[in-house]
Amino acid sequence: MKYNEYKNLNLPEIDKEILKFWEENKIFEKSIEQRPEDDTYVFYEGPPSANGKPGIHHVMARTVKDLFCRFHTMKGQRVERKAGWDTHGLPIELAVEKELGITKEDIGVKISIDDYNKQCRETVMRYKHMWDDLTVKMGYWVDMEEPYITFENNYIESVWWLLRRIYDKGLMYKGLTIQPYSPAAGTGLSTAELNMPGCYKDVKDTTAVAMFKVIKSEQSNFLFDDENEDVRIAAWTTTPWTLPSNTALTAGPKINYIKIKTNTPYTEAPVSVIVAEDLVGKWFGGKKQPAILEQSATFVGKQIEGVRYEQLMDYGNPIEDLHGGTDAFKVILGRFVTTSDGTGIVHTAPSFGADDRMVGKENGLGALTLVDKQGKFLDTVGEFSGRYVKNYKDDPNYVDVNIDISVRLKLDGKALNVAKYEHNYPHCWRTDKPILYYPLDSWFISASKMKERMFELNKTINWKPASTGEGRFGKWLENLQDWNLSRTRYWGIPLPIWRVRSTPSGAEGNSTENGSTASGFDSAQPTNHTICIGSIEELQKEIEKANAGLGLNQSVPEDLHRPYIDDIVLMSPDGLEMTRELDLIDVWFDSGSMPYAQWHYPFENKEKFERNFPADFIAEGVDQTRGWFYTLHAIAVMAFDKVAYKNVVSNGLVQDAKGQKMSKSKGNAVEPFSTLEKYGADATRWYMMSNSQPWDNLKFDLNGLAETQRKFFGTLFNTYNFFALYANIDGFQQDEMNAMPVEGRPEIDRWIISKLNSLVMEVTAAYEDYEPTKASRAIESFVADELSNWYVRQSRRRFWKTELGADKQAAFETLYQCLMVVNQLMAPIAPFFSEWMYKNLSDPIRGAAIDNDTPLKHESIHLTHLTKVQEELIDKDLEQRMDYAQRISSLVLSLRKKSKNRVRQPLQKILLPVLNDSFKQQVEGVKDLILSEVNVKEIEYIDDTSGFIKKKVKPNFKTLGRRMGKNMKAAAAAINGFTQEDIAALDKSGKYELNIDGEIHELTTEDFEIVTEDIPGWQVATDGDLTVALDVTITDMLIAEGLARELVNRIQNIRKDRDFNITDRIKVTLQNHPALAGALANFKDYICGEVLCDEFSIVDSLDGGEVIELVDGVETRVLVEVVA
RNA sequence: UCUGAGGUGGCGCAAUUGGUUAGCGCAUUUGCCUGAUACGCAGAAGGUUGUUGGUUCGAGUCCAACUCUCGGAACCA
């Protein structure tokens, strides 16, 4: 059976062929089944959401995942990989809203929740086919047959079970807090969502400095110079829409304030304004700024505490109680106030700021919540009633209410300044609309209570790169906030909590469902009137209890989603009705639950779960640090006090070739399918892994990809083709049972095998250490530099030989082995090409391998066991020797260049100074290689007994520097000044006593490097410790041989051009030329041997044939014909 | 503002962890080699290693300040 030979390399074609093979032979399935169940490598697949199309960055992330799974499979471990789909959440809901042309308010009105959720369920898998397609085409091995899907009842039940576990540990509570809220999406956002990339944006907003009129009282008296003075406190805001909801002003207790007499801009009325002393210059005295007519003495914030002022914009709304009182419109103190911005006095609206609420509550203040959850003013806010505070509806005619408020303030003489101001403001990650901070009643997980433990356990996780784990993730854990679980949406896992309503009529008003007023303010802790359901069985029992107690006829819904679950009424121990909290849970909890829920743990697969927890390895993009990486960790720590994963690789961004972020709007996004189609999956994967480390951002450049394809894969392909070509000619077959012992093979074979084993060691270690870039670069350099351009290049003649003897056999076996092992090493990153070559190499002997039960019995490389390093075959001496050979050759070629002697012209000898016997021996070992590589007849060693060479000694700074310290400079000078006698003495004894300033330093040979840099009378080339001279005397005989070689070259070119078979015998007719006399007389046999010529005739004149020029001026004709 | 990574010929990356001539590939260019090769080899050209100080016998590497790029956190007045 022959090895397949190929015309050219077509990677995409190979992809298709191999995909077919994998599928038909169920290779992926076998790669799992054939590995023992008790030696697992656990991988978790982070679930993508199939309602968006996959991008090129997914190829990156999935290559990382795939390669380590494949590596560990080849190490013999069982690596199960369950695919998963993230199916809930806002992105899907918003997509559906858009498609149906509805908004959140329409749900339950224009469309039933039931129908809406059905739509979501269908939409969420919209691009599943594309994902599946990408998975297949890029060679990502993951079990797509039985994926976990977060909307399935089993999954939901496991999530409920987890929540219950956390609930039972007292880590859940309900509270009313100021939270980021997206009116456009109609839901609160977690801090994690707020930290999604691109959420904070620079926006230009209208800002206003409002002036609050101080009421004269005993306390404020000192601020007034006379009865009629109009004293006002200035406060800056970037959100003028919160001004009507102002209930306090906050001053810094120790900040110095001052009163400025001026005229109100816009109305020109005289007024006295209080601002922080440090900020006077910011608002007064400049061009177009109010003049400073007079200023008071300074006073500290503490002195104005409790000073009352008139409500800035009064629309008669009642003040809400914050469980501390309903006081309002006075100055309070807060430590958070600074003088870096604004006026040093902070406008405080407890409904719209976390600090505001805290400080308000502490001071017994009430709140005004004059904006509803859709982001518009209540109907009771006078001229602003019903207006949106930001353009949440994409209304083209939207007029900024902040401007109108500012105008109103100007007209009323209450504005000190109105200006546009650019600042950074968070936006909703889905709707791109500015968020607002809003009081929401939500369920929280007390993550902050567990942060120390999370931090501690995080230290046991191996992060790649480490800085992400320690820095980004570690810092996040240190400052961990409680996790807001509640989402007031429809398509998601319902919160399994039922409560007794505190007010009989409160069923609607108290819920977090969208209503037109702010939610109530009960922030009850879990009580015995609250129940968290942890399983369907438990729900069933509770339903039965409620049915009996309340006379109902309910059952567990078939679908655990809304709206069905909302209808279930349970009963409290004291017989009261309990209804479900209408919230959904944060989708991030869904995905963080996958280690358990993918197996429906603990209701099924207990053992399977235990075998598969925690994960050995996970990988996603850095953007998941506070997403999936966090939720996995948090849930595992809170529910099990364990880590969820031991090793985690967070890969960086994929940018365009210029380092810009890829985005659809910029049009620089690379489409994954066409890239895979054009370059093949392996080249893409290889390029991504080898170009830069996965955690660095990748500048994705198609030119680089093409280079990988051409250079790495092309070279390897050619190496294989070379092997196949000659193996087929000789009928060589690898025989695993009777391999030649490596010790008996020629020097160069043992060399490449030594290098190969070094490579195995290096690559294996790199994979073990999650360093794919190191692994791939090592493989690349082995293939290109060592295997192809040295081993094969140097061994070519061995393959050409006519007879198949031991030497040729050794060459074939060695090359075969190198190709095979390289394939194995690269298989994790390049699964297609390696498979393809594996099959080409091993299919012919599969039968024998199976019969003999040898390593190549496997039908796929991905079922084989990775070759282990054989350290006894690593021969450092030999590697050093070959290094000499390469470097000496290089120097000789360099000398040829200088003396303008082309390589085909043989030269007589190389002169090589030797400094010691071991060096000479080393060079002797590779002498033939050097001579044939540089086309020289002999090496003449010059040792120093001749007194012919000049030695030089250089200090070894590394060893010497440490000991000499400050004397290093003097020492270096002394050493550089050594005479030939000094060097000879040093060479002989191996020691030297160096005297510096009377201090004696004992130096040994390792402190020096002795080199020759010169051979008097010769032109030399030097590289480090090597020096070479070349004898360029050309005798007639050498000229003749040179011409013979030129002739061989021309004839070979003709053979090649004419597409002769490599083994074809030929007949040559040459037109004579006087210059060729010597060559033909002495080298005719040589020429014939080289070009496989049977008949060589020389004629005086030739009509046919081709004109050839051998060297300058020597032109003749030659006719080359195949012998029939 | 804080924080992390980084800044090395035109481009993409190295540099044994502080050791003396800063490497490699791509691109440009001159030769050469080749019956596997779109490879390779020899040469040319291209660098004040972001800037400025400092530590050290010695700094691309360590320290400080500044600057730029890309991330991250926050500030919501």
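Convention: sequence-line order gives letters A, B, ...; per-chain numbering from 1.
Checked options Phe722(A), Phe732(A), Tyr3(A); the residue passing with Phe812(A) is Phe732(A) (criterion: ring-ring contact (aromatic ring centres under 6.0 Å, His included)).
The same atom, C1', is picked in rA14(B) and in rG72(B); the two are 28 Å apart, to the nearest Å. Atom P of rG31(B) sits at a distance of 36 Å from the matching atom of rA15(B), rounded to the whole Å. Between rU29(B) and rC68(B), the two P atoms lie 38 Å apart (nearest whole Å). Separation of the P atoms belonging to rC13(B) and rU8(B) is 9 Å when rounded to the nearest angstrom. rA65(B) and rG9(B) have their P atoms separated by 25 Å, given to the nearest Å. Distance noted for atom P between rC33(B) and rG19(B): 41 Å (whole Å). Here, rG18(B) and rC57(B) have their C1' atoms 12 Å apart, quoted to the whole Å. The separation of rU17(B) from rG10(B), taken at their C1' atoms, amounts to 30 Å, rounded to a whole angstrom.
The backbone N or O of Ala234(A) lies less than 3.5 Å from a partner atom in the side chain of Thr343(A), making a donor-acceptor pair. Using modelled atom types, no side-chain atom of Thr239(A) and backbone atom of Trp241(A) make a donor-acceptor pair closer than 3.5 Å. Formation of a donor-acceptor pair under 3.5 Å by the Asn935(A) side chain with backbone atoms of Val903(A) is found in this model. Checked by atom type and distance alone, the side chain of Asp356(A) never pairs as donor or acceptor with a backbone atom of Ser351(A) at under 3.5 Å. In terms of modelled atom types and a separation under 3.5 Å, the side chain of Ser894(A) and the main chain of Ser890(A) share no donor-acceptor contact. The backbone N or O of Gln905(A) sits less than 3.5 Å from a side-chain atom of Arg896(A), completing a donor-acceptor pair. Asn721(A) contributes no side-chain N or O that, together with a main-chain N or O of Glu5(A), makes up a donor-acceptor pair within less than 3.5 Å. No donor-acceptor pair closer than 3.5 Å links the side chain of Gln709(A) to the backbone N or O of Gly680(A).
Among the protein residues, Gly714(A) comes within range of no part of the nucleic acid, since none of its heavy atoms lies under 4.0 Å from any strand. Using a 4.0 Å heavy-atom distance criterion, Val792(A) is classed as a base contact. Asn1061(A) comes within 4.0 angstrom of a nucleotide base, judged by non-hydrogen atoms across all strands.
The side chain of Ser894(A) places an N or O atom within less than 4.0 Å of a non-bridging phosphate oxygen (OP1 or OP2) of rG43(B). Distances shorter than 4.0 Å separate some side-chain N or O of Ser890(A) from OP1 or OP2 on rA42(B). Residue Tyr726(A) has a polar side-chain atom (N or O) positioned under 4.0 Å from OP1 or OP2 of rA36(B). The side chain of Trp476(A) places no N or O atom within less than 4.0 Å of a non-bridging phosphate oxygen (OP1 or OP2) of rU3(B).
Ranked by how close their nearest RNA chain B nucleotide is to the 5' end, Val1048(A) and Asp785(A) are led by Val1048(A). Across the interface with RNA chain B, nearest-nucleotide mapping of Gly344(A) and Phe722(A) shows Phe722(A) to be the residue nearer the 5′ end.
Between the CZ atom of Phe473(A) and the C1' atom of rU3(B) there is a distance of 17 Å, rounded to whole Å. As a whole-Å value, the separation of Glu478(A) CD from rC2(B) C1' is 14 Å. The distance between atom CG of Leu787(A) and atom C1' of rA36(B), rounded to the nearest whole Å, is 12 Å. For the pair Leu477(A) CG and rA73(B) C1', the interatomic distance rounds to 13 Å; values are reported in whole Å. Between Trp463(A) atom CH2 and rG4(B) atom C1' the separation is 14 Å, expressed in whole Å. For the pair Asp356(A) CG and rC76(B) C1', the interatomic distance rounds to 9 Å; values are reported in whole Å. Atom CG in Leu480(A) sits roughly 13 Å away from atom P in rA73(B) (whole-Å rounding). The nearest whole Å value for the distance from the OH atom in Tyr3(A) to the C1' atom in rA36(B) is 17 Å.
Among pairs with a residue in residues 706-724 of chain A, none fulfils salt bridge (charged side-chain N to carboxylate O under 4.0 Å, His left out), at least two apart in sequence or across chains.
Looking at Ser788(A), its side chain comes within 3.5 Å of the base of rA36(B) through a donor and an acceptor atom.
Ion pairing of Arg777(A) with Glu771(A) is absent here, as no side-chain N (NZ or NE/NH1/NH2) approaches a carboxylate O to less than 4.0 Å. A salt bridge does not link Lys774(A) with Glu762(A): every distance from a Lys NZ or Arg NE/NH1/NH2 to an Asp or Glu carboxylate oxygen is 4.0 Å or more.
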Per-nucleotide pairing state of RNA chain B [Watson-Crick or G-U, under 3.5 Å; [ ] pseudoknot-crossing; | other strand]: (((((((..((((.....[...)))).(((((.......))))).....(((((..]....))))))))))))....

Shorter than 3.5 Å, N or O on both sides, protein versus nucleotides 13-16 of chain B: list them out with atom names.
from	atom 1	to	atom 2	distance (Å)
rC13(B)	O2'	Arg777(A)	NH1	3.4
rC13(B)	O2'	Arg777(A)	NH2	3.1

Please tabulate the protein-to-nucleotide N/O contacts below 3.5 Å involving nucleotides 24-29 of chain B, giving atom names and distances.
from	atom 1	to	atom 2	distance (Å)
rG25(B)	O3'	Lys711(A)	NZ	2.6
rG25(B)	O2'	Glu707(A)	OE2	2.6
rC26(B)	OP1	Lys711(A)	NZ	3.4

Could you list the protein-to-nucleotides 30-33 of chain B atom pairs, N/O on both sides, closer than 3.5 Å?
from	atom 1	to	atom 2	distance (Å)
rU30(B)	O2	Lys897(A)	NZ	3.2
rC33(B)	OP2	Arg904(A)	NH2	3.2

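Comparing rA36(B), rG40(B), rC76(B) by their nearest atom to the side chain of Asn789(A) picks out rG40(B).
Residues passing the side chain to side chain contact (heavy atoms under 4.5 Å, CB included) test with Thr708(A) are Trp686(A), Tyr687(A), Phe713(A), sequence neighbours excluded.
For Glu933(A) and Gln886(A), the side-chain atoms include no donor-acceptor pair closer than 3.5 Å. Inspection of the Asn840(A) and Tyr6(A) side chains reveals an N or O donor paired with an N or O acceptor under 3.5 Å.
Glycosidic conformation at rU17(B) (O4'-C1'-N9-C4 for purines, O4'-C1'-N1-C2 for pyrimidines): syn, within 90° of 0.
Aromatic pair Phe629(A)/Trp463(A): centroids less than 6.0 angstrom apart.
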